[in-house]
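Since the structure is predicted, the reported quantities are computational estimates derived from the model, not experimental observations. Order of appearance sets the numbers: ligands from 1, and atoms from 1 within every ligand.
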Amino acid sequence: MTRLSRRGLLSAAAAAAVSPARASSGPIIVFGGTGRLGAPIVKLLVAAGEDVTVFVRKDSTRERLTGLAVDYAIGDLTDDASVAAAFDRKSFHIAIDASAQRGESSRIERFYETTTRSIVTHAKRTGVRHLIHHGSIGAGANLREVPYLKDYKGTPGMIDKGNAERVIVDSGLPYTIIRNGWVPLDPQPPPTYHASLSPDVTTFSGVTRDDLAILTMDVIGNPARLNKIYHAVDATVKIQRGD
Ligand SMILES: NC(=O)c1ccc[n+]([C@@H]2O[C@H](COP(=O)([O-])OP(=O)(O)OC[C@H]3O[C@@H](n4cnc5c(N)ncnc54)[C@H](OP(=O)(O)O)[C@@H]3O)[C@@H](O)[C@H]2O)c1
């Protein structure tokens with residue numbers, strides 16, 4: 001298979017406002033890879049020639065990944081043993097979490113904290129070098145740091161997401177947290193190529209999932225992005241209130 005370098009991929013992505021990504025160093029496992037954010041991440045990873053395993057529920061629809069050369073690990077994020085088994089399949093160097101609690105079948109309280117703890121525990125145990133976590137602006141204590149959200153009442157889900165971030169930060173596992181603010185409803189729009197990662201955790205912005213995928217590629221193997229929390233920002237995305 002022709003290996004399209006990540007740098008080439010990004011320049012092909014035309015004027016992407018991201019810095020050139022570094023070479024990856026080994027197998028990558030993606031959680032939430034069948035989803036609206038996860039699938040474009042998986043597509044970019046495959047296009048870059050990466051060795052990708054997607055963690056899927058047995059009933060997950062894999063439609064968004066049709067035709068992609070990836071391995072699948074079957075499990076459920078709420079089932080710690082299945083997460084452990086997924087990490088034991090290969091010596092993963094990078095884990096990416098783009099999951100979101102959806103559907104009723106495995107709905108639990110404290111979903112994000114619980115599932116993040118599983119990912120972190122087994123990532124550490126198996127020597128993962130970098131966890132990339134997609135979170136939300138306003139998670140936990142960040143809610144009170146963001147002027148745009150001053151009238152927004154915290155929800156259990158956002159508290160849960162804050163707790164999940166704490167699990168990561170306290171774990172000692174090298175991490176990057178990418179928080180997104182407003183993301184478009186379906187149908188998903190194409191990337192703008194104008195998104196960037198801001199270290200300013202008071203910012204709030206819209207961002208497309210395709211641009212979040214490009215930003216994810218910029219983080220992989222990039223030492224400058226280690227142990228940092230970013231807000232994904234894109235001044236060209238118009239936030240549609242009420243969504
Ligand atoms: N700030 C905002 O406005 C906002 C809005 C929406 C999302 N987000 C964030 O954006 C990210 C992705 O969201 P999205 O809307 O793109 O997600 P999505 O399309 O709903 O996809 C969710 C993914 O998580 C997987 N998943 C859910 N529960 C699981 C479980 N128990 N075990 C294994 N996999 C499970 C789903 O698998 P299946 O295929 O099996 O369902 C799917 O791949 C998340 O970080 C989310 O919190 C932010």
Checking R125 against D88 for the salt bridge (charged side-chain N to carboxylate O under 4.0 Å, His left out) test, could you report, in this order, the C-alpha distance in whole Å, the side-chain angles of both residues, the deciding distance, and whether it holds? CA-CA 9 Å; R125 178 177 62 75; D88 286 332; 3.0 Å; yes
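Side-chain contact between Y72 and L65 is present, with heavy atoms from C-beta onward closer than 4.5 Å. Contact check for N227 versus P174: side-chain heavy atoms found under the 4.5 Å cut-off. Inter-residue side-chain proximity for T34 and T61 is flagged as unmet; no heavy-atom pair is nearer than 4.5 Å.
Looking at every heavy atom in both residues, Y112 comes nearest to A100 through OH-CA, 3.3 Å.
Nearest protein heavy-atom contact of atom 8 (N) of ligand 1 is N180 OD1, 3.7 Å. In terms of protein heavy-atom proximity, atom 3 (O) of ligand 1 is closest to G181 O, 2.7 Å. Atom 41 (O) of ligand 1 has R57 NH2, 3.0 Å as its closest protein atom, hydrogens excluded (heavy atom only). The protein heavy atom nearest to atom 42 (C) of ligand 1 is T34 OG1, 3.5 Å. Of all protein heavy atoms, the one closest to atom 23 (C) of ligand 1 is G32 CA, 3.7 Å. Remark: minimum distance from atom 5 (C) of ligand 1 to any protein heavy atom is reached at V183 CG2, 3.3 Å. Nearest protein neighbour of atom 34 (N) of ligand 1, counting heavy atoms only, is L77 CD1, 3.8 Å. When only non-hydrogen protein atoms are considered, atom 44 (C) of ligand 1 lies nearest to S99 O, 3.3 Å.
Remark: D200 CG to E145 CD distance equals 9.5 Å, nearest 0.5 Å. Annotation: the span from N142 atom CG to S136 atom OG amounts to 10.0 Å, rounded to 0.5 Å.
Checked for salt-bridge contact, D80 and R117 miss the test: no charged N lies under 4.0 Å from a carboxylate O. Between K90 and D51 there is a salt bridge, since at least one side-chain N of the basic residue sits less than 4.0 Å from a carboxylate O of the acidic one.
Interface atoms of ligand 1 facing R36, defined by a heavy-atom separation under 4.0 Å, are 15 (O), 16 (O), 18 (P), 19 (O), 20 (O). Close approach of ligand 1 to L37 is summarised as follows: ligand atoms under 4.0 Å from at least one heavy atom of the residue are 11 (C), 12 (C), 16 (O).
The shortest N/O to N/O separation between T61 and ligand 1 does not fall below 3.5 Å. Between A98 and ligand 1, no N or O atom pair is found at a separation short of 3.5 Å. For R102, a nitrogen or oxygen atom sits less than 3.5 Å from a nitrogen or oxygen atom of ligand 1, counting backbone and side chain alike. For ligand 1, the polar-atom distance check against F111 finds no nitrogen or oxygen pair separated by under 3.5 Å. Below 3.5 Å of separation, one finds no N or O of G75 facing any N or O of ligand 1. For ligand 1, none of its N or O atoms has an N or O atom of R64 under 3.5 Å away.
The residue from G35, A100, P40 that puts a heavy atom closest to atom 24 (O) of ligand 1 is A100. Distances from atom 31 (N) of ligand 1 to the heavy atoms of D76, V30, I41, V207 put D76 nearest. Distances from atom 14 (P) of ligand 1 to the heavy atoms of Q101, R209, H134 show the closest one on R209.
Both tests do not hold together for R179 against Y230: distance to the six-membered ring centre under 6.0 Å, angle to the ring axis within 45°.
With D160 contributing its side chain and P156 its backbone, the two residues share no donor-acceptor pair below 3.5 Å.
Look at K161 and you'll find a heavy atom under 4.0 Å from some atom of ligand 1. Ligand 1 is never approached by G38 to a heavy-atom distance shorter than 4.0 Å.
Under the 6.0 Å cut-off for aromatic ring centres, F87 and F31 qualify, their centroids lying closer than that.
When H130, R225, H134 are each tested for a side chain to side chain donor-acceptor pair (under 3.5 Å) with T176, only one passes: H130.
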